[in-house]
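Here is the structure we will look at, set down as structure tokens.
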Amino acid sequence: MEMELLKERIRRDGKVKPGNVLKVDQFLNHQMDTDLFMEIGREFKRRFSDVEVNKILTIEASGIGIACVAAQSFHVPVVFAKKTQTKNIAGDVYTTRVESFTHGRIYDVIVSKEYLGPGDKVLLIDDFLANGKALEGLIDLVKEAGAELVGAGIVIEKGFQIGGDIIRKKGVRLESLAIVESMDAETGKIVFRDEIPQL
Ligand code: 5GP
């Protein structure tokens with residue numbers, strides 16, 4: 001089940017841009033509707049109510065807001081992976097590389113060993129899932145840390161891109177609150193996965 005309130009908001013305020021980009025600056029990526037964020041956080045909590053989570057991990061910058069509000073439903077701290085352009089990172093950190101969908105750049109991404117380690121039960125949260133690079137990077141960091149990956153919560157999955165398949169094939173429990181199956185930059189039309197009749 002996709003989240004109706006979220007889908008309505010995407011339909012109303014989302015803007016389809018060329019290059020498979022959905023702009024949701026009105027409520028998620030620039031201006032942030034924190035009441036909607038609360039509902040999203042509660043929905044993640046409902047979906048992951050059967051598992052133990054002691055930490056939420058996200059990636060800067062756009063995941064931080066949603067992860068923080070979601071964390072209030074889980075009562076756990078949020079750690080965000082930091083993007084850095086420093087090649088030789090000093091100190092006790094886990095590192096991986098992530099190719100950014102929106103900027104087309106490759107970033108080194110780090111998390112301090114102080115804030116993630118064996119014994120942690122980690123839920124990943126991010127705003128979008130496109131080609132899966134951001135989530136793959138976060139999964140790498142969880143593995144490096146020897147922590148347990150409980151699942152991943154995504155606000156908007158673009159179902160026509162490969163990320164969802166890649167992450168599900170890894171056996172990761174992935175919960176996406178809205179799955180855009182197709183979108184058209186010319187007409188602005190957005191079709192969600194659960195609106196497509198199943199055969
Ligand atoms: P991926 O790593 O799965 O290819 O892309 C996910 C990341 O790219 C997310 O963290 C998100 O910030 C950004 N992103 C990917 N697609 C979109 C999109 O259509 N709209 C927006 N606003 N961000 C996107």
Side-chain angles (χ1 to χ4, degrees), residues 1-49 53-84 98-105 107 109-111 115 122-135 137-138 141 150-159 161 163-164 167 174-180 183 185 188-190 192-194:
M1 270 289 282
E2 294 177 48
M3 190 178 162
E4 283 307 320
L5 186 69
L6 174 63
K7 289 199 298 182
E8 276 165 27
R9 193 58 178 271
I10 295 168
R11 255 188 228 108
R12 197 180 84 192
D13 295 316
K15 294 191 169 61
V16 184
K17 300 288 177 187
N20 286 336
V21 173
L22 177 62
K23 277 253 177 200
V24 285
D25 282 2
Q26 200 271 349
F27 62 94
L28 182 58
N29 289 133
H30 193 17
Q31 176 168 257
M32 296 188 275
D33 182 335
T34 56
D35 283 339
L36 178 66
F37 280 24
M38 277 297 281
E39 291 304 323
I40 288 171
R42 288 192 182 120
E43 183 63 26
F44 282 137
K45 177 64 190 168
R46 268 194 289 276
R47 291 179 185 220
F48 289 102
S49 59
V53 173
N54 82 322
K55 207 157 276 186
I56 287 176
L57 179 66
T58 187
I59 183 163
E60 72 174 347
S62 59
I64 297 175
I66 196 75
C68 283
V69 179
Q72 295 197 298
S73 290
F74 289 85
H75 304 286
V76 299
V78 174
V79 176
F80 65 93
K82 293 192 177 198
K83 290 174 180 165
T84 162
V98 171
E99 188 185 331
S100 155
F101 177 84
T102 33
H103 302 107
R105 286 226 300 270
Y107 293 91
V109 167
I110 62 160
V111 166
Y115 307 123
V122 182
L123 176 65
L124 308 178
I125 297 269
D126 205 2
D127 58 345
F128 271 90
L129 175 58
N131 292 323
K133 301 293 182 190
L135 272 191
L138 293 176
L141 293 171
V150 167
I154 293 291
V155 182
I156 304 172
E157 175 180 339
K158 290 184 289 179
Q161 293 181 282
I167 302 301
L174 174 62
E175 295 283 350
S176 300
L177 304 189
I179 304 180
V180 174
M183 56 187 206
K189 189 170 166 55
I190 297 170
F192 293 95
R193 182 165 288 180
D194 62 7

For a 4.5 angstrom cut-off between non-hydrogen side-chain atoms, does F80 reach L57? no

What do you reckon, is NZ of K45 surrounded by more than 12 foreign heavy atoms closer than 6.0 Å?
yes

Go through it in stages, so that I can follow the logic: the residues are D25 and K15, the test is salt bridge (charged side-chain N to carboxylate O under 4.0 Å, His left out), and I'd like the CA-CA distance, side-chain angles, deciding distance and then a yes or no. CA-CA 9 Å; D25 282 2; K15 294 191 169 61; over 6 Å; no

query = Please walk me through it: do E8 and R12 pass salt bridge (charged side-chain N to carboxylate O under 4.0 Å, His left out)?
reply = CA-CA 6 Å; E8 276 165 27; R12 197 180 84 192; over 6 Å; no

Check for a donor-acceptor pair, side chain of K55 on one end and backbone N or O of Y115 on the other, with a separation under 3.5 Å. yes

Closest non-hydrogen atoms of L22 and M183, given as atom of the first, atom of the second and distance, are N-CE, 3.7 Å

Rounded to the nearest 0.5 angstrom, the CD-CE distance for E43 and M38 is 13.5 Å

In short, G188 meets V16 closest at the heavy-atom pair O-CG2, 3.9 Å

Practice problem: Please step through side chain to side chain contact (heavy atoms under 4.5 Å, CB included) for the pair K7 and D194, ending with a clear verdict. | Solution: CA-CA 11 Å; K7 289 199 298 182; D194 62 7; 2.7 Å; yes

To the nearest 0.5 Å, atom CD1 of I154 lies from atom CD1 of I40 at 11.5 Å

Please check if the side chain of K158 supplies one atom and the backbone of N20 the other of a donor-acceptor pair under 3.5 Å. yes

Q.
Just so I know, are the side chains of Y107 and T84 near enough to count as touching, which here means a heavy-atom distance under 4.5 Å?
A. no

CG of N131 to CZ of F101, rounded to nearest 0.5 Å, is 6.0 Å

Value for OG (S176) from CZ (F192), rounded to nearest 0.5 Å, stands at 12.5 Å

Applied to residues 58-79, the side chain to side chain donor-acceptor pair (under 3.5 Å) test, sequence neighbours excluded, yields S62-D127

dist E157:CD -> R193:CZ (nearest 0.5 Å) comes out at 5.5 Å

Scanning both residues in full, the closest heavy-atom pair of P18 with A185 reads N-CB, 3.9 Å

4.5 Å side-chain heavy-atom contact, F128 and N29: yes

Any heavy-atom pair between the side chains of R47 and L177 that's under 4.5 Å? yes

_For the backbone of I179 and the side chain of E2, can you confirm whether one donor and one acceptor N or O come within less than 3.5 Å of each other?_
yes

The reported gap from CD1 in I59 to CG in L124 (rounded to nearest 0.5 angstrom) is 10.5 Å

Next on the checklist: Applying side chain to side chain contact (heavy atoms under 4.5 Å, CB included) to E39 and M3, what does each step give before you reach the verdict?
Outcome noted: CA-CA 10 Å; E39 291 304 323; M3 190 178 162; 3.8 Å; yes

Looking only at heavy atoms, the pair that brings F44 and A70 closest together is CD1-CB, 4.3 Å

Residue set satisfying side-chain contact (heavy atoms from CB on, under 4.5 Å) with D33, at least two apart, ordered chain then number -> R9, F27, D35, L36

Using atom types as modelled and distance alone, determine if a side-chain donor or acceptor of Q31 lies under 3.5 Å from a backbone N or O of Q26. yes

Exercise for the section: Answer yes or no: is there a side-chain heavy-atom contact under 4.5 Å between V109 and L141? Expected result: yes

Tightest non-hydrogen contact, residues A178 and L6, listed as CB-CD2, 3.7 Å

Exercise. In sequence, state the C-alpha distance, the side-chain angles, and the governing distance for L174 and L135, and then conclude on side chain to side chain contact (heavy atoms under 4.5 Å, CB included).
Key: CA-CA 10 Å; L174 174 62; L135 272 191; 4.2 Å; yes

Taking the side chain as every heavy atom from C-beta outward, state whether V122 and V53 have any atom pair closer than 4.5 Å. no

- request: Go through L28 and I156 one step at a time and tell me if the side chain to side chain contact (heavy atoms under 4.5 Å, CB included) criterion holds.
  value: CA-CA 10 Å; L28 182 58; I156 304 172; 4.2 Å; yes

Taking every heavy atom of V24 against every heavy atom of G14, the minimum-distance pair comes out as CG1-CA, 4.1 Å

* Asked: Just wondering, are more than 12 heavy atoms of other shown residues or ligands nearer than 6.0 Å to NZ in K133?
  -> no

